[in-house]
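Working notes for the structure below.
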Amino acid sequence: MIVRRRRSPVVVAVAVAGLAAAGIVAAAIAAPALWPSPARGLNAGLASLTPDAPVVAVAASEIVDRRTGERLQLVGANWPGFEYACIQGWGLNEGGATDAAVAAMVEWGFTAVRVPLNQQCWFDDRPAVAFGSGEQYRGAVRAWVERLTDAGLVVILDLHWSAPAPTLADGLRPMPDADSPRFWTAVATEYRKHQGVLFDLFNEPHSRYDADRERWAFTLDWSCWASGGCAPPLENDVSSPLSGRTYPAVGMAELVAAVRATGANQPLLLSGIDYANDLRGWSEAAPDDDQLIASLHAYPGNRCADESCWAAEAAALAERVPVVMAEFGQSDGGDDHVRRAFTWADEHLSGALAWAWWSIPAEESEANAAFSLVDDALQPRSPSGTALRELLAARER
């Protein structure tokens, strides 16, 4: 588990205005007939509304740019803000969505940026506490995506914070909920012709331990990961104590189906279980779609946090499908894990994206400040930023 930045929210009523009560979606996808044919992305046309960015596709176990046919490594960082600022009521994002930031990313050697989003902030029927309007939120996302793709960067839109209405989407939940297919239908409809934009369907599927009762409150298995139907705790992953309330989970097959039903054929990232750190059942559980990428998150405290485990699990899967280390980072004041994770992933996988491109004063949050890659002047920040900048520079030589 990693520390995500949270500013102190303004004290307001957390009333949810206009959100429909979450209905129980039939989560079990029992037969392929219930969802459309796989994307077959290599057979799609090259037309794109992001003409300066790669036309991204999966070819067997590699990611390629269809404009050239060359292998494409997705290297860069995560750009947090859209997932928490809006739902905490103080902004559309963290700030810093500027041409100068994009220029710095390109100068560092980025090829991709992962942009976490908030499920409820996307919609017009949203919680009353949410900042601005759904239209403003979508417009801000659109403007940032345009800046990035105009610079030739691949953008990965990630469903990061979610919750079944009327619960506030104020953090990580163990699994998608009944509103998640609606979210992806809306996002994919808007970006289906943007071939430089990929979709990461759910950030970190995970089990939940109840520390107060000293037992597991919810254990996620690969069957539920794929088809849903299990009942995760309603609270986000840092809330305590747990109330005992649950919600019906939606599986990855239903999210893939929602995207494909819009006509979007871009590659889709599917994270493993255990906060995206466990890929051991991914190949057997994943839907039948030839444009899928397995997503791995790797932090020092994870079960699978070193080269031997990555080789046994991630590299083995990468022989069959592309695997991207979509999050990695370090918050203990060192940079050894950052260097080892990026070096290994760049050699053995299809990319690595550091957490995170933001500037946080050390006095505000020591752990999050250690994750910070840049300062306010967009210069590499020690230790994580200087390490990543050096690693990216070395791969260009």
Side-chain angles (χ1 to χ4, degrees), residues 1-4 54 56 58 61-63 72-83 105 110-117 145 148 153-162 172 176 184 187 196-206 225 252 255-256 259 266-280 282-283 286 291-305 309-310 313-315 317-318 321-330 337-338 340-358 371 373 384 388 391-392:
M1 183 188 308
I2 65 173
V3 181
R4 263 95 174 168
V56 186
V58 169
S61 62
E62 294 185 341
I63 300 173
L72 178 63
Q73 283 287 97
L74 302 181
V75 295
N78 288 262
W79 193 86
F82 282 115
E83 76 273 34
M105 293 172 179
F110 281 26
T111 64
V113 177
R114 184 170 177 257
V115 179
L117 300 178
V145 169
L148 293 166
L153 297 173
V154 173
V155 173
I156 301 169
L157 297 178
D158 152 51
L159 176 51
H160 210 83
W161 282 14
S162 60
L172 304 181
W184 279 116
V187 174
V197 177
L198 312 184
F199 306 137
D200 189 338
L201 298 188
F202 194 76
N203 177 42
E204 290 182 339
H206 60 272
W225 178 90
M252 300 302 144
L255 299 188
V256 171
V259 172
Q266 294 102 315
L268 309 178
L269 281 74
L270 298 183
S271 294
I273 63 175
D274 192 16
Y275 287 92
N277 186 244
D278 186 347
L279 296 176
R280 288 174 292 181
W282 193 99
S283 183
Q291 295 298 300
L292 299 183
I293 299 169
S295 177
L296 171 71
H297 295 187
Y299 292 91
N302 292 145
R303 176 194 62 83
C304 192
C309 184
W310 300 331
E313 299 180 14
L317 179 60
V321 297
V323 179
V324 170
M325 190 177 283
E327 284 189 26
F328 70 97
Q330 187 171 353
H337 180 84
V338 169
R340 289 171 38 240
F342 181 89
T343 300
W344 188 90
D346 195 34
E347 180 178 352
H348 298 281
L349 305 181
S350 293
L353 301 164
W355 187 273
W357 187 277
W358 54 18
F371 280 122
L373 297 172
S384 297
L388 181 64
L391 292 162
L392 289 166

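Contact annotation: the side chain of Ile156 approaches that of Leu74 to within less than 4.5 Å [non-hydrogen atoms, C-beta and beyond]. Side-chain contact check for Glu62 versus Pro322: every heavy-atom pair is 4.5 Å or farther apart. Between Leu201 and Val256 the shortest side-chain heavy-atom distance falls below 4.5 Å.
The two residues Tyr299 and Phe328 have their closest heavy-atom pair at CE2-C, 3.8 Å. Minimum interatomic distance between Trp184 and Asp200 (heavy atoms only, all atoms of both residues): CZ2-O, 3.2 Å. Of all heavy-atom pairs spanning Val323 and Leu349, the tightest one is O-CB, 3.2 Å. Between Ala318 and His348, the closest heavy-atom pair is CB-O, 4.1 Å. Taking every heavy atom of both residues into account, Trp357 and Ala77 meet most closely at CB-CB, 4.3 Å. Across all non-hydrogen atoms, the minimal contact from Asn302 to Ala305 is O-CB, 3.5 Å.
Distance check: Asn277 CG to Glu204 CD gives 9.0 Å after rounding to the nearest 0.5 Å.
For the ring pair (Phe, Tyr, Trp, His ring centres under 6.0 Å) test with Trp355, the passing option among His160, His297, His337 is His160; the others fail.
For Phe82, the ring-ring contact (aromatic ring centres under 6.0 Å, His included) criterion is met by Trp79, Tyr137, not counting sequence neighbours. With sequence neighbours excluded, the residues that form a side-chain contact (heavy atoms from CB on, under 4.5 Å) with Ala286 are Trp225, Trp282, Leu292.
Side-chain atoms of Thr111 come within 3.5 Å of backbone atoms of Val75 as a donor-acceptor pair (strictly under, hydrogens ignored).
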